[in-house]
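Proteins come first, then strands; the chains are lettered A, B, ... in the order of their sequence lines, and each starts at number 1. Since this is a predicted model, take the numbers as computed values, not measurements.
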Amino acid sequence: KAGVTQTPRYLIKTRGQQVTLSCSPISGHRSVSWYQQTPGQGLQFLFEYFSETQRNKGNFPGRFSGRQFSNSRSEMNVSTLELGDSALYLCASSLGYQLYTDTQYFGPGTRLTVL
Amino acid sequence: AQSVTQLGSHVSVSEGALVLLRCNYSSSVPPYLFWYVQYPNQGLQLLLKYTSAATLVKGINGFEAEFKKSETSFHLTKPSAHMSDAAEYFCAVRAYGGSQGNLIFGKGTKLSVKP
């Protein structure tokens, strides 16, 4: 079974631009979660989608948004980029039915650099 | 609210020595706990998880962890370190309540293995 894939793997943007990251979950998984990883803040939860609906949201500004399509693929968008948005963005997929015990499988991440 | 604390941001061991990575949790409800490993420029890989079945959990690559409620700990161990174990290790707990279920991560412990 193919794992979680994320595209692109690397991105360089400038302040003020917007960016869209994509995540394809493991086949059959209906939940996709997004995390931001930075050296200073560590791993922080952004949001989770299940069956095209946002089920859970972390404490990030409204510039961070996401969506999920009917095939469970997900995108996240960051508008008006700031230097502090430079991070590794990780996507994780799970079956989604057992909220607390399901295993989340992570993709390789997208490394975003904001200049 | 749930949280995890990883003691020691860097741990160095010799090849063949015992690996012990410490994780303490805080939770007002029975926790669901996870250990993930991250190799350079990669995503997170699940090592093992505790979901209230057995207190001693065996994972991949020879790792295991023991859930100790009295000590609120979930330390990760491996009897004999291998060079390939050099990576960063994250302990995580599931957020609980409502539609939560996202992972809350510790700050991570970088493991170095000396030949």
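Both B/Met83 and B/Val37 are assigned to one and the same hydrophobic cluster, defined by single-linkage of ILVMFWY side chains at heavy-atom distances under 4.5 Å. Following chains of ILVMFWY side-chain contacts shorter than 4.5 Å, one can reach A/Met76 starting from A/Leu11, so the two form part of one hydrophobic cluster. Hydrophobic clustering, with ILVMFWY side chains joined whenever heavy atoms are under 4.5 angstrom apart, groups B/Trp35 together with B/Val4. By the criterion of side-chain heavy atoms lying less than 4.5 angstrom apart, applied directly or through intervening Ile, Leu, Val, Met, Phe, Trp or Tyr residues, B/Tyr32 is grouped together with A/Phe106 in one hydrophobic cluster.
For chain B, the nearby part of A/Tyr35 is the side chain; its heavy atoms alone come within less than 4.5 Å. Contact of B/Leu46 with chain A is made through the side chain alone, with heavy-atom distances under 4.5 Å. For B/Ala92, no part lies under 4.5 angstrom from a heavy atom of chain A. For a residue to count as touching a neighbouring chain, one of its non-hydrogen atoms must lie under 4.5 Å from one of that chain's; by this rule A/Thr101 touches chain B with backbone and side chain alike.
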Quick one, A/Phe45 with B/Leu103, criterion side chain to side chain contact (heavy atoms under 4.5 Å, CB included). Give me CA distance, side-chain angles, the key distance, then yes/no. CA-CA 7 Å; A/Phe45 170 70; B/Leu103 291 167; over 6 Å; no
Would B/Tyr36 and A/Gln104 count as a side chain to side chain contact (heavy atoms under 4.5 Å, CB included) if you check the C-alpha gap in whole Å, the side-chain angles of each, and the deciding distance to 0.1 Å? CA-CA 10 Å; B/Tyr36 282 86; A/Gln104 292 193 355; 3.8 Å; yes
Apply side chain to side chain contact (heavy atoms under 4.5 Å, CB included) to residues B/Ile104 and A/Leu43 and explain how you reach the verdict. CA-CA 8 Å; B/Ile104 299 170; A/Leu43 282 151; over 6 Å; no
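The two atoms that bring A/Tyr100 and B/Phe34 nearest to each other are O-CZ, 3.9 Å, heavy atoms only. Nearest heavy atom pair, residue B/Gln38 against residue A/Leu90, reads NE2-CD1, 4.4 Å. For the pair A/Gln41 and B/Lys107, the tightest heavy-atom approach, listed with the atom from each and the gap, is O-NZ, 3.6 Å.
Proximity of a side-chain donor or acceptor of A/Arg111 to a complementary backbone N or O of B/Asn41 within less than 3.5 Å is not detected. With hydrogens and angles ignored, the 3.5 Å screen pairs a side-chain donor or acceptor of B/Arg94 with a backbone N or O of A/Leu99.
Other residues, nucleotides and ligands contribute more than 12 heavy atoms inside 6.0 Å of the CZ atom of A/Arg73. Around CG of A/Asn59, the count of heavy atoms belonging to other residues, nucleotides or ligands within 6.0 Å does not exceed 12. The environment of A/Lys57 atom NZ is dense: over 12 non-hydrogen atoms of other residues, nucleotides or ligands sit within 6.0 angstrom. At most 12 heavy atoms of other shown residues, nucleotides or ligands fall within 6.0 angstrom of atom OH in B/Tyr96. More than 12 heavy-atom neighbours from other residues, nucleotides or ligands sit within 6.0 angstrom of CZ on A/Arg9. Heavy-atom neighbours of A/Gln98 CD from other residues, nucleotides or ligands within 6.0 Å: at or below the threshold of 12.
Side-chain contact between A/Phe47 and B/Asn102 is absent, with no heavy-atom pair separated by less than 4.5 Å. In this structure, the side chains of A/Gln37 and B/Phe105 stay at 4.5 Å or more apart for every pair of heavy atoms.
Neither side chain, A/Glu48 nor B/Gln100, offers a donor N or O lying under 3.5 Å from an acceptor on the other.
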